[in-house]
Amino acid sequence: MNSQTIFDKLGNYEKKNYSKGIKKNIDSLKYYANKMQESSDPCTKVFGKFIEANNFYKTGNYKKSEEICLHILAELKDVSTTCQDQNKYRVYERLFWINKNTNRYKEAYNYLVLKEEISKTFEKNTKFHLKKLANEYSKALIKTALCFYDEAIDILKVAINNTQRIDIKTEKENYYYITHKSSALNILGDIYLKKSLNKNDSSLDSANVYYKKAYELAQNFSPPHIDTYYLYSFRKVKVLIKKEQYNSALTILKEIENDKEFKVSNLSQELYFYKSLVYHHLNESTTALNFAHQFLNHQKNTPNSKENLIKIYDVLAKQYDLIKQKDSAYKYSRLGLKEVSELNEHKTEINKFHYEYNFNQIKKNNDIAINDNHKTHLVQIITLSSFSVLFITALIYRSKKKREKNKKKFDSIIDEIQTTETPPKKDYNIEKELEETILTQLEALEKSTDFLSHDFTLKVFAKKLDTNTTYISYIINNTKNQSFKQYITQLRIDYLIHKLNTDYKYHNYTIQYLAEEIGYTNASAFTRAFKKQMGITPSEYIKSISSN
């Protein structure tokens, strides 16, 4: 059996297997993997090893899959051919998902970077563009893990829009097109779900829209995937739970459970998870505990397993506390805290790595731009720099004028805040690299919604950046002419102003709701802060823009 025959058979098997919905007959895949490894062609042999690694991945044995993948990379360290580069790409992709699914975000991000770099050498055909789409939604997943929801959404929307330009010529290309695009749409729905702040958030409606688009696209598989309907139903349940519509969620879950075809699926754990959550919110302790333990008994490796496990531990801790079984409540509370601690540790690590990489990439690109054809482009660089200086000078001038205007308007406010929170006056010898990192992460903070959390403090932010509060306060004071408290207050009010001007349903919300939307637990404190920044109360402001 030659290599092309093996490839064709494997491709047909994968498509047939997908239509069945479950990763069955792994022995058949092992057979083809072994046949490939017996090949005299080095590329086919390596691909056979990758299929073996993929089999372990599909059965949840991430450790063995990772071990084989790393062995392949070691074997291909000094090899660079078109075919072997394709194998490297596959291995990088598999290692990305292994590390992402086990919350090792730094390692996952590293493999994503390697995957993007090697894909630049590929022919710009349909397969290339599909790989690019996969890279983009992988990038969005990392951004989501860092809570940069708006950045992740922008990345995915651009990537999904670009799929309109992909020229699909074969049935196999169409199969992968549907697979990647529906995955991107579902991920986009997940991001909107995570971004939502409360049950009335419009992001929940957006999540439903993209889940539905993914489901409708997946219907184009021939034959359709048997699990598509159930997975879509679970996604609708997630939204209903976030909307606190627990009885509606339960109705869908019961319909799934009573469906005869569901019994042949491999989604029992998902059903137990959602039923435990719903019964927990309906205050039915016995049933919630029962499904929580069924979830634990069917524990398997899935992309959401860690996050779901934390939620289940939380359900168990709270329900055992309600029925006065303190020892069990304490046990699951500790287990949950342990998982959360590990998850946060990984997120802090990737946060630092993510920005160090971005900074180094910018520096590297600048060095290349300066050194490459230096004489030819020197005039252009000087001209561009001159325009940049003029532009920045204009921005500084406008910013200065605005600050002077605000200063005159809010002198009393500044005096009041300064009496309660004095910015650091001492000069600190902060390393340039550290200062750049903090400034970069301040920019990221402004693009995120982290500052909307009611418990977002200077101490919390400093811990996330793995630095001290004094450095952050000093840099904010020097670059923003504000204390940390003033800076966060401005971000919150500016965020709300944008919402009020772009989403008119906010005009109908109560002042208490608007306060909680941007991190205030007290409506009076929110009103005072709003009036200090805008010169009028929230009610007056809403009235002024509603009448326009």
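It should be emphasised that the depicted structure is a prediction, and the values quoted were computed from it without experimental measurement.
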Participant: What is the minimum heavy-atom distance between Asn135 and Ser119, and which atoms define it?
Facilitator: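 That would be ND2-OG, 3.6 Å.
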Participant: Below 4.5 Å, heavy atoms only, C-beta onward: do Asp455 and Val460 meet side chain to side chain?
Facilitator: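 No, their side chains stay 4.5 Å or more apart.
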Participant: Could you walk me through whether Tyr313 and Ile310 pass the side-chain contact (heavy atoms from CB on, under 4.5 Å) check?
Facilitator: CA-CA 5 Å; Tyr313 282 151; Ile310 290 169; 5.6 Å; no
Participant: Nearest 0.5 Å please: distance from the CG atom of Leu141 over to the NZ atom of Lys100.
Facilitator: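 Interatomic distance, Leu141 CG to Lys100 NZ, rounded to 0.5 Å: 5.0 Å.
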Participant: State whether the side chain of Gln84 and the backbone N or O of Ser80 hold a donor-acceptor pair below 3.5 Å, judged by distance alone.
Facilitator: no
Participant: Does Ser182 use its side chain to pair, donor to acceptor, with the backbone of Leu217 at less than 3.5 Å?
Facilitator: no
Participant: Kindly say whether Ile518 contributes a backbone atom to a donor-acceptor pair with the side chain of Arg492 at under 3.5 angstrom?
Facilitator: yes
Participant: Hey, which of Asp450, Ile472, Ile438 is the one that makes side-chain contact (heavy atoms from CB on, under 4.5 Å) with Phe461?
Facilitator: Ile472
Participant: Does either side chain, that of Glu171 or that of Asn174, offer a donor lying less than 3.5 Å from an acceptor on the other one?
Facilitator: no
Participant: Phe456 and Phe451: aromatic ring centres closer than 6.0 Å?
Facilitator: no
Participant: Between atom CG of Leu296 and atom CD of Gln269, what is the distance when rounded to the nearest 0.5 Å?
Facilitator: 8.5 Å
Participant: Please report whether the ring centroid of Tyr232 lies less than 6.0 Å from that of Tyr215.
Facilitator: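 Yes, the ring centres sit under 6.0 Å apart.
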Participant: Is the shortest side-chain heavy-atom distance between Leu95 and Leu73 below 4.5 Å?
Facilitator: yes
Participant: Is it true that a side-chain atom of Lys242 and a backbone atom of Leu193 form a donor plus acceptor pair closer than 3.5 Å?
Facilitator: yes
Participant: Applying salt bridge (Lys or Arg N to Asp or Glu O under 4.0 Å), name anything that partners Glu446, two or more places apart in sequence or on another chain.
Facilitator: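 Glu446: salt bridge (Lys or Arg N to Asp or Glu O under 4.0 Å) contacts with Lys480.
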Participant: If I compare all heavy atoms of Lys115 with all of Tyr89, which pair ends up nearest, and what's the gap?
Facilitator: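 In terms of heavy atoms, the two residues are closest at CG-CE1, 3.2 Å.
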Participant: Just how far is it from atom CG of Leu130 to atom OG1 of Thr179, taken to the nearest 0.5 Å?
Facilitator: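 Interatomic distance, Leu130 CG to Thr179 OG1, rounded to 0.5 Å: 9.0 Å.
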Participant: Please check this pair: side chain of Lys194 against backbone of Cys147, looking for a donor-acceptor N/O pair closer than 3.5 Å.
Facilitator: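 No: the side chain of Lys194 does not pair with the backbone of Cys147.
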Participant: What verdict does the side-chain contact (heavy atoms from CB on, under 4.5 Å) test give for Arg235 and Asn186, after you've listed the backbone C-alpha separation in whole Å, the side-chain angles of each residue and the deciding distance to 0.1 Å?
Facilitator: CA-CA 9 Å; Arg235 291 184 176 105; Asn186 278 322; 3.4 Å; yes
Participant: Please state whether the rings of Tyr137 and Trp97 are parallel, tilted or perpendicular, taking 30° and 60° as the class boundaries.
Facilitator: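 Plane angle between 30° and 60°, so tilted.
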Participant: Could you tell me if the side chain of Lys45 sits less than 4.5 Å from the side chain of Glu38, heavy atoms only?
Facilitator: no
Participant: Roughly how far, to the nearest 0.5 Å, is CD of Glu67 from CD1 of Ile72?
Facilitator: 11.5 Å
Participant: For the pair Lys88 (side chain) and Leu76 (backbone), establish whether a donor and an acceptor sit closer than 3.5 Å, ignoring hydrogens and angles.
Facilitator: yes
Participant: Tell me, do Phe122 and Gln86 make a side-chain contact under 4.5 Å, heavy atoms counted?
Facilitator: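 Yes, their side chains come closer than 4.5 Å.
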Participant: Closer than 4.0 angstrom, basic N to acidic O: yes or no for Glu66 and Arg104?
Facilitator: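 Yes, this pair counts.
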Participant: Can you check whether Val158's main-chain N or O pairs, donor with acceptor, with Asn162's side chain at less than 3.5 Å?
Facilitator: yes
Participant: So does Tyr272 get a backbone contact from the side chain of Ser276, meaning a donor-acceptor N/O pair under 3.5 Å?
Facilitator: no
Participant: Could you measure the distance from the CG atom of Leu458 to the CG atom of Asn468? Nearest 0.5 Å is fine.
Facilitator: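 The CG atom of Asn468 is 9.0 Å from CG of Leu458, to the nearest 0.5 Å.
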Participant: Does NZ in Lys499 sit with more than 12 non-hydrogen atoms of other residues, nucleotides or ligands closer than 6.0 Å?
Facilitator: yes
Participant: Please test Phe234 against Ile256 for side-chain contact (heavy atoms from CB on, under 4.5 Å), starting from the C-alpha separation and ending with a verdict.
Facilitator: CA-CA 9 Å; Phe234 285 136; Ile256 294 172; 3.8 Å; yes
Participant: Using distance alone, with no hydrogens and no angle criterion, decide if Asn101 and Tyr62 have a side-chain donor and acceptor under 3.5 Å apart.
Facilitator: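 Their side chains do contain a donor-acceptor pair, which is all the 3.5 Å distance test asks for.
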Participant: If you compare all heavy atoms of Asp167 against all heavy atoms of Thr126, which two are closest, and at what distance to 0.1 Å?
Facilitator: O-OG1, 2.7 Å
Participant: Test salt bridge (Lys or Arg N to Asp or Glu O under 4.0 Å) on Lys49 and Glu52; report intermediate values, then the result.
Facilitator: CA-CA 5 Å; Lys49 291 179 182 178; Glu52 183 183 1; over 6 Å; no
Participant: Return the minimal non-hydrogen interatomic distance between Ile241 and Ala249, and the atom names on each side.
Facilitator: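 Residues Ile241 and Ala249, closest heavy atoms: CG1-CB, 4.3 Å.
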Participant: With a 4.0 Å cut-off on N to O distance, would you call Lys243 and Asp205 a salt bridge?
Facilitator: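 Yes.
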Participant: How close do Asp201 and Leu197 get, counting heavy atoms only, and between which atoms?
Facilitator: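 Where Asp201 meets Leu197 most closely, the heavy atoms are OD2-N, 3.0 Å.
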Participant: Are Phe50 and Val46 close enough that some pair of their side-chain heavy atoms sits under 4.5 Å apart?
Facilitator: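 No, every pair of side-chain atoms sits at 4.5 Å or beyond.
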Participant: Does a donor on one side chain and an acceptor on the other come within less than 3.5 Å for Ser39 and Asp41?
Facilitator: no
Participant: Are Lys238 and Asp190 close enough that some pair of their side-chain heavy atoms sits under 4.5 Å apart?
Facilitator: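 A side-chain contact under 4.5 Å exists here.
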Participant: On a heavy-atom basis, which atom in Lys195 and which in Tyr149 lie closest, and how many Å separate them?
Facilitator: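 Between these two residues, the closest heavy atoms are CA-CD1, 3.8 Å.
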Participant: Give, for atom OG of Ser196 and atom CG of Leu204, the distance between the pair rounded to the nearest 0.5 Å.
Facilitator: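 Rounded to the nearest 0.5 Å, the OG-CG separation comes out at 4.0 Å.
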Participant: Evaluate the criterion side-chain contact (heavy atoms from CB on, under 4.5 Å) for residue pair Ile191 and Tyr210; output intermediate values, then yes/no.
Facilitator: CA-CA 10 Å; Ile191 297 169; Tyr210 287 105; over 6 Å; no
Participant: I want to check something: taking the side chain as every heavy atom from C-beta on, are Thr81 and Asp85 in contact at a cut-off of under 4.5 Å?
Facilitator: no
Participant: Is it true that Arg90 and Glu93 make a salt bridge, defined as a side-chain N closer than 4.0 Å to a carboxylate O?
Facilitator: no
Participant: So, the side chain of Asn87 versus the backbone of Cys43: is there a donor-acceptor pair under 3.5 Å, distance only?
Facilitator: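 Flag set: sc Asn87 to bb Cys43 pair under 3.5 Å.
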Participant: Quick one, Val209 and Tyr192 - any side-chain contact, counting heavy atoms below 4.5 Å?
Facilitator: no
Participant: Can any side-chain N or O of Ser448 pair as donor or acceptor with the backbone N or O of Leu445 at less than 3.5 Å?
Facilitator: yes
